[in-house]
Amino acid sequence: MTKETMSSDDDNFTLSDLKRRKKKKKRPVPNGDDDDDAKPKRKPVSNASSTSSSKKRFRPKPDGIVSSHTPEPVMSSSNKRRKSISTEKKKKTASTAKPRTLKKLEKIERLQYAMQAFLWWDAPSPPEGCQWRTMEHACVSFPDLYQPHGIQMLYNGEPVEITPAQEEAATFFAATDPEGMHLGNPKTAKIFIKNFFADFRAVLGRRHIIKDFTKCDFEPIRRHLNEQKIIKKAITDVEKKERKAGTNRTLFRHGFALVDGHLERVGNYNMEPPGTFRGRGAHPKMGKIKSRVIPEQVQLNVSECAPAPQCSVPGHAWGEVRHDPQVQWLAQWKENINNQVKYMQLAAQSSFKGKSDRQKYNKAALLCLNIGKIRTATRKALRAKKTEDRQLATAVWVIDRLALRVGGEKDTDEEADTVGCCSLRVEHVTFDPNEEGGDNKEIELEFLGKDSMLYKQTIDFGSELYNQSDNMGKQVYDNFKKFCKNKRKSEEIFDKITPIMLNQHLKQFMNGLTAKVFRTYNASKTLQDELAKTEQSSAWRSRTAAEKVVEYNNANREVAILCNHQRSVSKAQETQLETLGGKLETLKRQKKVLKKMLKLITAGKTEKIPVKKSEREMIEAAAEAIASAKRMKEEAKTDAEKIAATEADEAAKQQRRDCNDGKFTQAHLWEKIPSQDQVIKKINSWTAKIAKMEMNLKHKDDNKEVSLGTSKINYMDPRISVAWCKRNEVPIEKIFPISLRGKFNWAMAVEPDWEFNAGIAKQK
DNA sequence: GTGCCGACTTAGCATGACGAGC
DNA sequence: GCTCGTCATGCTAAGTCGGCAC
């Protein structure tokens, strides 16, 4: 432990320390009333060359901070005109207007300011091999100790006496959703229950009455947990505020670190609470009980001169305090399920992550320079005499063209059985899956990849896409056939090579090249090429920003499909799609009725035209139910009253939904007989509504199983997106949410004509 | 050469915050 | 002003890869 310790109730340590260090460099503050503030003065400078004008326009804006000198993001020309007019007006009224008062910033906003003041790409690097010079932080925040609820589970239909520790374990199981991804699937439920019950019995002890899982009934505890959720929903605004303040106290104490004198955000400062292990797919250890981590299991990493934080759990102390500037982690501990080390690290917006991100994308850009020679060498090696060389070349082709991961070896007793390129087995490929015969060169690849996500695609190795001038696709197909010949289904296709050999092979072409660089390269290249295709179309210039964003998302989707980034469709999403489909059908039916009405009016048979039924009663009843539920919520004191209020609220909301549905079903009608013009107008309006809803539904359906975020966060060079936004006058916030603008702050100053190519790589 | 482990990146899911639309 | 759907964020599992020990 160190000589100096931090006060456990000092939630301002980062700020006060910052003040201490910056005392001599004190700057004007945004509020003018608080010396805690640190306001950025310098402009971020791009690592790529840029003109002063573009820097002015695209300098990253400190998010959430109102600042008169902060440049606006890209604006459309009409926006610029509006802005110019409004500026004129302001000038005219300036002499008569009251002096403007600056917005009072929240503490979190002020800290944000302090962090954004640090432009790491301008700062001197730490010594060779080191990640930092000084580091100071408050380490992890531990979850509260378990508070027993006293609700007894049933065994053989009878309540059983259990200790608080046993009750905690039972509560872990009760908290698992019976319809969820673990217990909702009979195959995984079996593994989950087996593992949980083994650990639960260890907690119960040998002599305990509970011996058979089928006689266990966790329903009373599950009911109790559901009631707690309902009570939580019924909290008042004041209670909400108090809860938020509590969360913020933890954030201010543990969520920031001082690295080389700069404030940085910590990523995961909350210690993982105990519970059941939620491994993905058919993980053999799912359901096992994850133990509570105590401070003695935690090692911290702080600089020698920094005070080690005081342990916040009374009666406990840190396991070890280390001073290792060669690593990024702030704290580490071992978890009991897989015996793996877990780390507390800085957040994605930090300088550490920013530096490695930039390095990663520059390395991928460098591949532009080398991809030609790699492909030429691969083409030759596909026919090499040595099987090992042919396997290496085939694997490189698969990683390059199909964007598969390298696929390390796994122990299926300890982990889920998932594979990548090198670990593909004969059972994962089907030749000529559609039994077309002849010269068919199709292979169906079907396997579980990372996170047990299904990869299922039929590749036509004989197609133009994979052959062009070099016929590589056909050769790869032949190689696959040879590698699978005379092998059992459970044998590896690439049995002569390993990921280590493959990466060593790649390094002869380019320093630092590994298999995963291909995914970054291909994702970035695909995005750039897809965006270029749309920009070249004649109608592009006349498109609105919203339409351009749709095209961006389409390009993003191509990348996500290439990288097989999927997401599962939730029940809520399915219901929503069904509801939308139902609404669309209603609109179409209503349009038919409207057309019929038009015919009746033309024929003078207005008496046959249906009119709208009164909705007043229905609306009033729903409004009264809502008001009554609100009163109940406000007056609720006890848990029972809170539960009743929440239930009344849910029922009232359902009543209002029914009311809205009722209104929707007769929205095409009038209270009186309409005129011909009115009907024609409504038919046109309904046609537009139907078209809009059809487009919306298609868009939702197309994207429901594709996860766009993963490629945006990890694979596509952000500079491509920033440059595209600048070229096309699309505000960057339409593409990158606030967290990504923070993560990619180093990329914000690129020129509009910036390109992901070998030239960029040469600059580095 | 091989296996193991540490360090860091990549990944999907759950949940809460927020904002568009009524 | 309120609600509901969407999106952002937090959480933590699951990969890759380098380096070290044997």
Side-chain angles (χ1 to χ4, degrees), chain A residues 131 177 180-182 229 232-233 240 243-244 247 251 255 267-273 275 277-281 283 285-286 290 301 324 326-329 332 334-335 337-343 345-349 352-353 356-357 360 405-411 414-416 418-420 422-423 448-453 498-504 506-507 512-517 519-520 523 563-568 570 572-573 575-576 579-580 623 626 630 649 652-653 656-657 660 663-664 696 700 703 707-715 736-743:
Chain A
Q131 312 251 15
D177 180 4
M181 63 187 284
H182 298 98
K229 274 185 197 165
K232 200 178 158 192
K233 269 189 193 172
K240 255 185 206 168
R243 186 174 293 171
K244 181 81 185 159
T247 315
L251 168 70
N268 52 330
Y269 55 88
N270 284 325
M271 172 55 74
E272 294 176 19
F277 175 68
R278 313 284 176 99
R280 312 234 171 96
H283 197 293
K285 292 188 175 178
M286 66 165 67
K290 249 175 73 168
N301 193 20
D324 185 356
Q326 294 188 332
V327 293
Q328 294 184 0
W329 57 264
Q332 63 156 277
K334 265 201 174 166
E335 48 90 29
I337 304 292
N338 298 302
N339 206 28
Q340 279 175 347
V341 181
K342 297 237 169 174
Y343 300 93
Q345 296 189 49
L346 291 185
Q349 304 96 308
F352 287 179
K353 303 291 177 193
S356 50
D357 258 3
K360 172 181 80 180
R405 292 183 190 83
V406 67
E409 204 182 317
K410 292 184 81 180
D411 179 355
E414 299 285 313
E415 301 162 279
T418 62
V419 298
C422 292
S423 48
L448 295 180
K450 184 178 176 181
D451 290 318
S452 294
M453 299 312 285
T498 64
I500 295 167
M501 288 164 73
L502 192 132
N503 284 335
Q504 272 168 356
L506 292 173
K507 280 187 181 59
L513 181 62
T514 62
K516 85 185 184 84
V517 181
R519 274 169 79 83
T520 315
C563 296
N564 199 40
H565 292 145
Q566 299 179 29
R567 59 175 178 179
S568 52
S570 67
Q573 266 178 310
T575 317
Q576 194 203 356
T579 314
L580 267 179
I626 294 276
K630 198 178 173 187
D649 192 45
K653 279 176 185 166
R656 197 178 43 203
R657 274 193 290 271
N660 287 340
K663 278 161 77 180
F664 185 76
N696 189 10
K700 280 203 167 82
N703 283 326
S707 167
L708 301 186
T710 311
S711 44
K712 205 185 262 186
I713 296 166
N714 299 303
Y715 286 110
F736 288 154
I738 186 168
S739 59
L740 288 191
R741 297 202 294 280
K743 176 176 158 75

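Please read these numbers as outputs of a predicted model, since none were measured by experiment.
The shortest non-hydrogen separation linking A:Ile713 to A:Lys743 is O-CE, 3.2 Å. Nearest approach of A:Gly512 to A:Val517, heavy atoms of both residues: O-CG2, 4.4 Å. Between A:His283 and A:Asn338, the closest heavy-atom pair is CE1-OD1, 4.0 Å.
Between the side chain of A:Arg519 and the main chain of A:Cys563, a donor-acceptor pair closer than 3.5 Å is present. For the pair A:Asn268 (side chain) and A:Tyr343 (backbone), a donor-acceptor distance under 3.5 Å is present.
With B:dT10, C:dA8, B:dC8 as the candidates, the nucleotide lying closest to the side chain of A:Pro737 is C:dA8. Proximity note for A:Arg567 (side chain, C-beta onward) versus B:dC13, B:dC8, B:dG12: the nearest is B:dC13. Closest to the side chain of A:Ser707, out of B:dC8, B:dA11, B:dG12, is B:dG12.
Following rounding to the nearest Å, A:Gln332 (CD) and B:dG6 (P) show an atom-to-atom distance of 8 Å. The interatomic distance linking A:Ile713 (CD1) with B:dC13 (P) rounds to 14 Å, in whole Å. Separating the CG atom of A:Leu708 from the C1' atom of C:dA8 is a distance of 14 Å, rounded to the nearest angstrom. Between the CG atom of A:Asp177 and the C1' atom of B:dT15 there is a distance of 13 Å, given to the nearest Å. Going from atom CZ of A:Phe352 over to atom P of B:dC8 covers 9 Å, rounded to whole Å. At whole-Å resolution of the value, NZ in A:Lys360 and C1' in B:dT10 are 8 Å apart. Distance NZ (A:Lys244) to P (B:dG16): 12 Å, rounded to an integer number of Å. Counting to the nearest Å, the C1' atom of C:dG10 and the CG atom of A:Leu251 are 12 Å from each other.
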**Item:** Under 4.0 Å protein heavy-atom contacts per nucleotide of nucleotides 12-22 of chain C, with B for base, S for backbone only and - for none
**Value:** SSBSSSS----

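For the pair A:His565 and B:dA11, the criterion of a side-chain N or O lying under 4.0 Å from OP1 or OP2 is met. The phosphate of B:dT9 has neither OP1 nor OP2 within less than 4.0 Å of any side-chain N or O from A:Tyr343.
Classification of the A:His565-A:Tyr715 ring pair by plane angle, with boundaries at 30° and 60°, yields parallel.
Among the heavy atoms of the strands, none lies under 4.0 Å from A:Glu414. Nucleic acid contact for A:Ser568: sugar-phosphate only, since backbone atoms but no base atoms lie under 4.0 Å from a heavy atom of the residue.
Residue-to-nucleotide proximity on DNA chain B shows that, of A:Met181 and A:Val327, the 5′-proximal contact is made by A:Val327. Ranked by how close their nearest DNA chain B nucleotide is to the 5' end, A:Asn564 and A:Met501 are led by A:Met501.
We find the CD1-CD distance between A:Ile337 and A:Glu414 to be 11.0 Å, quoted to the nearest 0.5 Å.
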